[in-house]
2 protein chains.
Amino acid sequence: MDNEDSQDKWQIQLRKGALELVILAALRGPPVYGLAMLRHLQQFPTTAITEGTLYPLLDRLKREELVGADWIQDGDTRPRKYYRLTAKGERKFQALAASWRQSITDINALLTMPAGAPVDTQGS
Amino acid sequence: MDNEDSQDKWQIQLRKGALELVILAALRGPPVYGLAMLRHLQQFPTTAITEGTLYPLLDRLKREELVGADWIQDGDTRPRKYYRLTAKGERKFQALAASWRQSITDINALLTMPAGAPVDTQGS
DNA sequence: CACAATACCTTGCATTGCAAGGCATGATGT
DNA sequence: ACATCATGCCTTGCAATGCAAGGTATTGTG
């Protein structure tokens, strides 16, 4: 239950998937701490979220073991909580990225296709 | 308030926007009735929704005057409720399509860019 | 009459995104 | 020493969403 096959009807939910996707994407490289990631995402209007969105989501990803976190003290500054991708998170990222691409394809198809005229009817 | 400029923070909400977008897209052509539209959307996994999703959403779009509806009797069959796009809906569709394209661009950018390494650092 | 198919619509629940606010720690000024 | 500000993490409470499940009405078939 709830393994990475849970795209059961999750391709449908690009609404939920999109944010999760970009967060996992942000963590592919070196570990990042919360506020840094927030600033990273705020570069783009589409992903300009706030702390109230980010931290609960990171919590969920951690409960699902897609990300891990370590408190690291960086020289002088106060310790920060650095997040990183687990192996499971890596796989999930690949899967989500794939269904993201599929969704784009599907939606683009619908954007060029009204419901009224399925295949047909344009002169002969 | 709540005119079509309400993309206040709506680019962020491609989650909500995506479904709304494809429904408006489906109605650009000739009018369509509910279940026909459902089958149309079910062609693609991404948009395979159910009646419990579609009808409340169509209600909302109607309240917002983005779509209109008429009962039409089609020869023999029972009357069906045909939905169509209003002028306002047409404009909304254009706006949503534009922010959809923007979102795709943004997310694709993030998909090729981990948070750790802003601009740099590959060899010299 | 019963039964199924078509078509529209509603109820109730879990989940989401978010504004707003609350800690705690370190840096800075006097 | 003390107050103040900035940084960083996290929580509470609300409105909105998507959906499974069920309900109603009409038409057709036996």
Side-chain angles (χ1 to χ4, degrees), chain A residues 1-2 6-23 31-42 45-64 67 69-83 103 115, chain B residues 1-2 6-23 31-42 45-64 67 69-83 103 115:
Chain A
M1 55 303 265
D2 237 353
S6 300
Q7 307 178 317
D8 305 326
K9 48 195 63 170
W10 277 90
Q11 278 130 349
I12 305 169
Q13 250 134 331
L14 81 166
R15 300 160 282 278
K16 178 180 180 186
L19 251 191
E20 191 168 326
L21 174 63
V22 296
I23 287 185
V32 195
Y33 68 96
L35 289 192
M37 186 150 143
L38 200 73
R39 289 182 204 114
H40 174 66
L41 295 175
Q42 283 171 341
T46 306
T47 54
I49 61 175
T50 69
E51 303 168 55
T53 300
L54 179 62
Y55 285 116
L57 217 165
L58 283 173
D59 278 357
R60 203 192 75 212
L61 297 179
K62 191 154 146 244
R63 276 199 308 279
E64 295 172 1
V67 310
D70 316 277
W71 288 97
I72 295 185
Q73 178 147 19
D74 230 2
D76 261 1
T77 73
R78 226 156 353 115
R80 305 196 265 230
K81 198 173 186 178
Y82 280 82
Y83 293 89
S103 293
Chain B
M1 56 302 268
D2 237 354
S6 299
Q7 306 179 319
D8 304 325
K9 50 194 62 173
W10 276 87
Q11 279 130 349
I12 304 170
Q13 252 133 330
L14 81 166
R15 297 161 284 276
K16 179 180 181 185
L19 251 191
E20 191 168 328
L21 174 63
V22 295
I23 287 185
V32 194
Y33 69 97
L35 288 193
M37 185 150 144
L38 200 72
R39 290 181 202 114
H40 174 66
L41 295 175
Q42 283 171 342
T46 307
T47 54
I49 61 175
T50 69
E51 303 169 54
T53 301
L54 179 62
Y55 286 116
L57 216 164
L58 282 172
D59 278 356
R60 202 193 73 212
L61 296 179
K62 190 155 147 244
R63 277 199 309 279
E64 295 172 1
V67 309
D70 317 280
W71 288 97
I72 295 184
Q73 179 148 19
D74 228 4
D76 262 0
T77 72
R78 227 157 348 119
R80 305 198 264 229
K81 197 171 185 180
Y82 280 82
Y83 293 90
S103 293

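Letters A, B, ... mirror the listed sequences (proteins, then strands); counts begin at 1. All heavy atoms count here, side chains included; hydrogens, waters and symmetry mates do not.
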Length of the line joining A/D70:CG and D/dC9:P, which is rounded to integer Å: 13 Å
Out of D/dC9, D/dT17, C/dC18, whichever nucleotide has its closest atom nearest the side chain of A/E51: D/dC9
Distance test, side-chain N/O of A/Y33 to OP1/OP2 of D/dG8, below 4.0 Å: yes
Minimum-distance nucleotide (side-chain atoms of B/L57 versus D/dG18, D/dC19, D/dT17): D/dG18
Closest listed nucleotide, where the reference is the side chain of B/Y83 and the choices are C/dC9, D/dG8, D/dC10: C/dC9
Under-4.0 Å side-chain N/O to phosphate OP1/OP2 contact, A/R80 with C/dT25: no
Nearest-Å distance for atom pair CZ/C1', residues B/R63 and D/dA16: 12 Å
Nucleotide C/dA20, atom C1' - distance to CD1 of A/I49 in whole Å: 16 Å
Nearest-nucleotide pick for B/D59, side chain only, options being D/dC9, D/dA20, C/dT10: C/dT10
For atom CG of A/L61 and atom C1' of D/dC10, their distance in whole Å: 16 Å
Short side-chain N/O contact to C/dC18 OP1/OP2 from A/T50, under 4.0 Å: no
Atom-to-atom span, CG of B/L54 to P of C/dT10 - whole angstrom: 13 Å
Nucleotide nearest A/K81 when distance is taken to its side chain, options D/dC10, C/dG17, C/dT6: D/dC10
Separation of atom CG in B/L21 from atom C1' in D/dG18, rounded to whole Å: 17 Å
Integer-rounded Å distance: C/dA7 C1' and B/Y82 OH: 11 Å
Interatomic distance, A/T50 atom OG1 to A/L54 atom CG [nearest 0.5 angstrom]: 8.5 Å
Selected nucleotide, minimal atom distance to A/P56 side chain, candidates D/dA20, C/dC8, D/dT11: D/dT11
Whole-Å distance separating the OH atom of B/Y55 from the P atom of D/dA20: 15 Å
From B/L58 atom CG to B/E51 atom CD, the distance as rounded to the nearest 0.5 Å: 11.5 Å
Candidate nucleotides C/dG17, C/dC8, D/dG18, ranked by approach to the side chain of B/L35 - the nearest: C/dC8
Inter-residue atom distance A/Y33.OH - A/K81.NZ, 0.5 Å rounding: 15.0 Å
From OH (B/Y82) to CD1 (B/I72), nearest 0.5 Å: 6.5 Å
Toward the 5' end of DNA chain D, by each residue's nearest nucleotide, A/R39 or A/G52: A/R39
Shortest non-hydrogen contact between B/W71 and B/P79, atoms and distance: CZ3-O, 3.7 Å
Side chain of B/R78 - closest among D/dT7, C/dA7, C/dT10: C/dA7
